[in-house]
Amino acid sequence: MGPPLAFPGVEDHYPNSLTLKQVQILFRHGERTPVHRSIQQWDKWGFPIFWPLCVSSRSSRTGLINPKIKEVTTFEYEREIETLTEEDPSPLFATAGNKGICTEGQLTDRGRLSGLYLGEQLRELYVDKLAFLPRNFTKHSDIYLRTTGIVRSRETLQQVFNGLYPLNSHSATPKILERFPFEENLHPMVHCPRLSELRRQFRAAAGKKWNPQLEEASQVLRDILSSPEGKITVGDDSNKDEAWAIVDTYSSALAHNIKTPPGFANRQVVNTVAKAALEAEFVGYEKNAEMKQLGMGRFFAEVLQRMTIGDPIVSDNVAEISQMLGQKETKVYRKVPLLALYGAHDSSIGAILSSLGVFDNRWINFTSHITFELFEEEIKSSTWSLGGPGKFVRVKYNGRPMTISACQPRGKHWGDDGSFCTMAAFQELLRSVSPRDWSSQCKEHLGGLAPELNEVSEDVSALA
């Protein structure tokens, strides 16, 4: 299951003098099967090529339109996987008597339960303990639900919502929103030429640093490697044994208690491969201002928008926030939602934490989540003069408050607790990691090397 929320004592995390006004949570989907086809060599160790872990999604239903009936009817069916082998191109049922075979990257039954478990924890905290959310879901305006277009994220969001509000506790039908790919801001893998260029540069730089250190790992794990070179690398997407693919497959197996090849018993090797993969993927968001803004910058702007639109203190920022989001104009919300839930990915989590300077460089577990909590102080404090009229924001990762460096100077946090940023400090931070005009910036500086990589060899600049 995913990481538990950390609230051993609610009173320690939610001071009486602060009133919770809004919560926004972005989470990674639940456990899934591997997405990389790098496991063909693993089966000699008993590692399964086909995972019978998706029984819950075997039976499906869809809507059918029949003009004669003049209404939409339901069509129920059972789904099984069929595959072809190079040795025998004739159809071969992969199920082989097993029910619920998963496809690549599919949310498993355990992943669905993890999403439900996260939702139940959110209900325990925000409904039962804090009485912040209503006990029953009756109004769409209270909760905003959105997911990427990837099925596993949508299905996880469905599970989270049903843990938060079980079927017997909502009278309204929840609305789950999705966006067109070119408008998506819940993960950084969208089409943006400059972002793609910067990612290649930082991945190449990571390869120059880490690939020599990965030679030992390649020797330890050589029996499972698929590439002709037999080397684990970072920064080379054409390599079937790319470090991210190796660790991602390993972590998926670990999450489902599937036995892995013996080489993975060497924890030092596994940790080295994981560190290399994480640095290649996320260090650019930590170091480079353009990557911060082009990666998850539009999401940061939306988080701020959802907190502040309609607030008389910062309502004059509507036009500025619209430009950050790449919109011609911003629609003012009729009511600011109490809760926003965003179904996303590990690439989203890592980019957000790195951009805020709080990533712990550890592998991102399934259903890991980032929480943005907005508070209002009931009693005027000495921080008002520098921090705005009594509003504070706290960022949590898997339930643990994060200490953001930008909020640590005197007057930029609440009392002695540096995890509560003043709204002014948080707003200043999010502005710095949000694009001024995302669409235009994606086309700027093309061919230019990231300043942080000026001392790296020509091998990197060649990818600019």
Side-chain angles (χ1 to χ4, degrees), residues 26 184-211 233-237 242-244 274-304 323-326 344-362 364 370 395 397 402 404-407 425-464:
L26 179 142
E184 185 59 78
N185 66 5
L186 291 183
H187 66 80
M189 312 303 285
V190 295
H191 178 67
C192 174
R194 180 55 177 165
L195 177 61
S196 299
E197 183 176 71
L198 290 168
R199 286 188 71 247
R200 289 196 301 271
Q201 291 178 11
F202 277 95
R203 285 172 58 78
K208 185 174 179 63
K209 170 185 174 180
W210 282 100
N211 287 345
T233 61
V234 293
D236 182 5
D237 292 332
E242 213 277 338
W244 188 275
K275 287 180 181 178
L278 289 168
E279 180 170 323
E281 191 65 32
F282 298 125
V283 72
Y285 298 105
E286 177 188 349
K287 303 291 186 182
N288 183 266
E290 277 188 283
M291 285 194 68
K292 294 177 194 285
Q293 295 177 1
L294 299 179
M296 295 301 293
R298 291 183 301 166
F299 173 71
F300 287 131
E302 184 170 330
V303 167
L304 185 60
Q323 193 174 39
M324 292 177 183
L325 291 168
H345 307 270
D346 51 357
S347 59
S348 319
I349 299 277
I352 290 173
L353 295 177
S354 297
S355 297
L356 297 179
V358 292
F359 187 40
D360 60 6
N361 294 310
R362 295 178 180 273
I364 300 165
I370 300 173
V395 179
Y397 178 45
M402 297 286 99
I404 298 174
S405 59
C407 302
F426 188 72
Q427 191 172 352
E428 181 181 4
L429 171 62
L430 259 59
R431 283 175 174 170
S432 72
V433 295
S434 300
R436 67 179 187 281
D437 185 333
W438 186 83
S439 298
S440 297
Q441 285 177 255
C442 282
K443 303 171 186 175
E444 295 177 359
H445 307 140
L446 291 175
L449 184 66
E452 296 81 6
L453 301 178
N454 280 331
E455 297 181 1
V456 181
S457 73
E458 295 179 358
D459 295 338
V460 178
S461 60
L463 292 174

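It should be emphasised that the depicted structure is a prediction, and the values quoted were computed from it without experimental measurement.
When all heavy atoms of Leu446 and Glu197 are compared, the pair lying nearest together is CA-OE1, 3.5 Å. Here the shortest heavy-atom pairing between Ser432 and Gln293 reads O-NE2, 3.3 Å. Taking every heavy atom of both residues into account, Ser355 and Lys292 meet most closely at O-NZ, 3.3 Å. Pairing each heavy atom of Val234 with each of Asn211, the nearest pair is N-OD1, 2.9 Å. Between Gly297 and Pro435, the shortest heavy-atom contact is C-CD, 3.5 Å. Across all non-hydrogen atoms, the minimal contact from Asn288 to Ala450 is ND2-CB, 3.7 Å.
Other residues, nucleotides and ligands contribute only 12 or fewer heavy atoms inside 6.0 Å of the CD atom of Glu428.
For the atom pair CG of Leu278 and CZ of Arg362, the computed distance is 11.0 Å after rounding to the nearest 0.5 Å. Note: Leu198 CG to Arg203 CZ = 13.5 Å, rounded to the nearest 0.5 Å. Here the CD atom belonging to Glu444 is positioned 11.0 Å from the OG atom belonging to Ser439, to the nearest 0.5 angstrom. Put simply, NE2 on His345 and NE2 on His187 are 5.0 Å apart, with the number rounded to the nearest 0.5 Å. Separating the OG atom in Ser354 from the CE atom in Met296 is a distance of 11.5 Å, to the nearest 0.5 Å. Considering CE of Met402 and SG of Cys407, their distance stands at 13.0 Å, rounded to 0.5 Å.
When each of Leu353, Asp346, Ile352, Ile364 is checked for a side chain to side chain contact (heavy atoms under 4.5 Å, CB included) with Phe282, only Ile364 meets the rule.
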After noting the C-alpha distance and the side-chain angles of Phe359 and Glu286, does the key distance pass the side chain to side chain contact (heavy atoms under 4.5 Å, CB included) rule?
-> CA-CA 9 Å; Phe359 187 40; Glu286 177 188 349; over 6 Å; no

How far apart are the C-alpha atoms of Phe300 and Leu429, what are their side-chain angles, what is the distance that settles it, and do they pass the side chain to side chain contact (heavy atoms under 4.5 Å, CB included) test?
-> CA-CA 10 Å; Phe300 287 131; Leu429 171 62; over 6 Å; no

Tell me, with the steps shown, if Leu195 and Cys442 meet side chain to side chain contact (heavy atoms under 4.5 Å, CB included).
-> CA-CA 7 Å; Leu195 177 61; Cys442 282; 5.7 Å; no

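Two residues are said to be in side-chain contact when any heavy atoms from C-beta on lie closer than 4.5 Å; Phe426 and Val395 meet this criterion. For the pair Trp210/Lys275, a side-chain contact is recorded, criterion being any heavy-atom separation below 4.5 Å from C-beta on. At least one side-chain heavy atom of Tyr285 sits less than 4.5 Å from a side-chain heavy atom of Arg199. For the pair Leu304 and Ser434, the minimum side-chain heavy-atom distance is 4.5 Å or more. Counting heavy atoms from C-beta on, the side chains of Trp438 and Asn185 never come closer than 4.5 Å. The shortest side-chain heavy-atom distance between Phe202 and Met291 falls under the 4.5 Å cut-off. In this structure the side chain of Val358 never reaches within 4.5 angstrom of the side chain of Ser405, judged on heavy atoms. Under the 4.5 Å side-chain criterion, counting only non-hydrogen atoms from C-beta, His445 is in contact with Arg194.
Side chain of Gln441 to main chain of Asp437: a donor-acceptor pair is present (N/O by atom type, distance under 3.5 Å, no hydrogens or angles). In this structure, Gln201 contributes its side chain and Gly448 its backbone to a donor-acceptor pair below 3.5 Å.
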